[in-house]
Colleague: 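One structure follows; several queries about it will come next.
Numbering of ligands and ligand atoms starts at 1, following listing order. Just so we're clear, the structure is a prediction, and the values are computed from it rather than from any experiment.
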Amino acid sequence: MASVSITRRGEQRLRNGHPWIYKSDVVQVDAAGGDTVAVVDSRGQHVGHALYSSRSEIALRLFTRGPQVPDLSIWRDRLRQAFDFRATLALDATACRLVHGEADLLPGLVVDRYGDYLVLQALSQTTDRMLPEITALLVELAAPAGILARNDPRVRLLEGLEQRVEVLHGTVPDTIEVREGRVYYDVDPYHGQKTGLFLDQRENRMAAARYARGRCLDAFSYNGGFALTLAPSCSEVLAVDISDQAVERIRANAARNGISNVEARAMNVFDELRELERRGETFDIIVLDPPAFAKNKSAIPKALSGYKEINLRALKLLPPGGFLITCSCSYNVSEAAFAEIVAAAAIDARADVAVVEKRMQGRDHPVLMTVPETYYLKCFILRKLA
Ligand code: SAH
């Protein structure tokens, strides 16, 4: 069997529960990219089996510990466990994440359900090579009407894999209607961001709705997730997104749901917040859900100043008693660092702010305790006291 030996530092990482071994901790490779390999430690002892990438900085993703060679039945068992877990969540939605990579012990694989269809992403050389087998298992376990591979994320380039979108099974329509709570969305699985929707925010949208009233601002709205969920409890909602396509979808989704108090504007949020402040406008509830400002470590300082600016400006637009739902999906910015930057924004805005709820990505996107990288979405619900 193909094998890879690792350094003592690599062993230590595995012992600490982290499944990734970086290239710099690889000593010797007797394998081809995409192979499932035996992992050997510095004393020649067998540690377990891992998925090997010949290109990525993450050379090994541990798959099993111990001597047993993993076969397809392990993939089947783990997929089934991931599906069964989602079934226990009793989500009030027809779309959800079924497989969340490492956090389901299925490294490099994402599978989302949109109604009768599945949309998957193969993010490692091994899961890419195994797509025929994985497709067969998904058909066996979930019997979808169609499976789409949204293999266009940029991270695939780090694996030396091309960006490609293709139907792997059945047929997949251009739009799929899904429901979250009371809101219906038309989702474009071929071109929508991520796999079509920001499923990870579902439970935060529903939590935010508990505080919704008066005038609402949904900044970085995408196809209107927060705006549409909060609209029934608000007098009016302003949804802002820089993308014309997103704004068109907000309007179409609002019409689809018979919601008439949502105005959608194609604007840069940084400019729009400044303009709203200049005009002396106020909002009773504001949502800030920007894209990941820190896509890598070198982007952190700039990201922090971006987070600070939008939070500062939003806090100024809130009257006392108003709510701010503020999010960061940069895993390079920890919860503590994010809290610190929002606190700094509150100080500059001369606002006393209470934390009402600390939230994270939805339960169908679980976090692996020993893998900080799987905790990426932070969401604070804050109340401005004075
Ligand atoms: N809140 C959404 C998800 C937002 S994703 C939901 O619940 O579904 C982030 C969005 O920010 C994307 O739609 C992107 O088009 C938009 N965006 C990125 N930079 C922006 C900017 N400077 N101003 C306004 N929108 C921006």
Colleague: Within ligand 1, which atoms have a heavy atom of Y222 less than 4.0 Å away?
Modeller: 2 (C), 3 (C), 4 (C), 8 (O), 13 (O)
Colleague: Pick one: which of Q361, H100, M360 meets side chain to side chain contact (heavy atoms under 4.5 Å, CB included) with P366?
Modeller: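 That would be H100; it is the only one of Q361, H100, M360 passing the side chain to side chain contact (heavy atoms under 4.5 Å, CB included) with P366.
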Colleague: Near N268, which atoms of ligand 1 are under 4.0 Å from a heavy atom of that residue?
Modeller: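 Per the distance check, 21 (C), 22 (N), 23 (N).
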Colleague: Tell me whether M267 reaches ligand 1 (any heavy atom closer than 4.0 angstrom to a ligand atom).
Modeller: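 A heavy atom of M267 does come that close to ligand 1.
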Colleague: Do the side chain of T374 and the main chain of L368 share a donor and acceptor less than 3.5 angstrom apart?
Modeller: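 Present.
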Colleague: What residue and heavy atom of the protein are closest to atom 9 (C) of ligand 1, and at what distance?
Modeller: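 The closest heavy atom on the protein side is D289 O, 3.7 Å.
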Colleague: Under 3.5 Å, is there a donor on one side chain and an acceptor on the other for Y114 and T195?
Modeller: yes
Colleague: Give me the residue, atom name and distance of the protein heavy atom closest to atom 23 (N) of ligand 1.
Modeller: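 Checked against all protein heavy atoms, atom 23 (N) of ligand 1 sits closest to V269 N, 2.8 Å.
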Colleague: Give the atoms of ligand 1, by number and element, whose distance to some non-hydrogen atom of F226 is under 4.0 Å.
Modeller: 1 (N), 7 (O)
Colleague: Do the side chains of S328 and Y307 get nearer than 4.5 Å, heavy atoms only?
Modeller: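 The answer is yes, as the side chains (C-beta and beyond) meet within the 4.5 Å cut-off.
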Colleague: Indicate yes or no for a side-chain donor-acceptor contact from S330 to the backbone of F293 under 3.5 Å, with no hydrogens or angles considered.
Modeller: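 Side chain of S330 to backbone of F293: a pair is present.
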Colleague: Do the side chains of R86 and D104 get close enough for a salt bridge, i.e. N-O under 4.0 angstrom?
Modeller: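 The answer is yes: the pair qualifies as a salt bridge.
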Colleague: Do any N/O atoms on F220 end up under 3.5 angstrom from N/O atoms on ligand 1?
Modeller: yes
Colleague: Polar-atom distance check: Q201 versus ligand 1, any N or O pair below 3.5 Å?
Modeller: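 Among all N and O atoms of Q201, none is under 3.5 Å from an N or O of ligand 1.
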Colleague: Looking at R61 and E373, is there a salt bridge between them, counting it only when a charged N and a carboxylate O are closer than 4.0 Å?
Modeller: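 Between R61 and E373 there is no salt bridge, as every charged N stays at least 4.0 Å from the carboxylate O atoms.
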Colleague: Within the structure, does P291 bring an N/O atom to less than 3.5 angstrom of an N/O atom in ligand 1?
Modeller: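 Looking only at distances, the answer is no, because the N/O contact criterion of under 3.5 Å is not met.
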Colleague: Could you tell me the residue and atom name of the protein heavy atom closest to atom 5 (S) of ligand 1, and the distance to it rounded to 0.1 Å?
Modeller: F198 CZ, 3.4 Å
Colleague: Looking only at side-chain N and O atoms, does T7 offer a donor or acceptor that is under 3.5 Å from a partner on D25?
Modeller: yes
Colleague: Roughly how far, to the nearest 0.5 Å, is CG of N261 from CD1 of I259?
Modeller: 7.0 Å
Colleague: Look at atom 25 (N) of ligand 1 and say which protein heavy atom is nearest, naming residue and atom and giving the distance to 0.1 Å.
Modeller: I242 N, 3.0 Å
Colleague: Relative to atom 16 (C) of ligand 1, which among D241, L273, V287 owns the nearest non-hydrogen atom?
Modeller: D241
Colleague: What part of A219, side chain from CB on, backbone N/CA/C/O, both or neither, has a heavy atom under 4.0 Å from ligand 1?
Modeller: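 Within the 4.0 Å criterion, A219 makes no contact with ligand 1.
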Colleague: Out of all atoms in ligand 1, which are within 4.0 Å of some heavy atom of R205? Include the element for each.
Modeller: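 So the answer, numbered in order with elements, is 6 (C), 7 (O), 8 (O).
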Colleague: Do the side-chain N and O atoms of Q201 and Y222 include a donor-acceptor pair separated by under 3.5 angstrom?
Modeller: no
Colleague: Is any N or O atom of Q193, backbone or side chain, closer than 3.5 Å to an N or O atom of ligand 1?
Modeller: yes
Colleague: Could you check whether any heavy atom of A246 sits closer than 4.0 Å to an atom of ligand 1, since that is the contact criterion I want to use?
Modeller: no
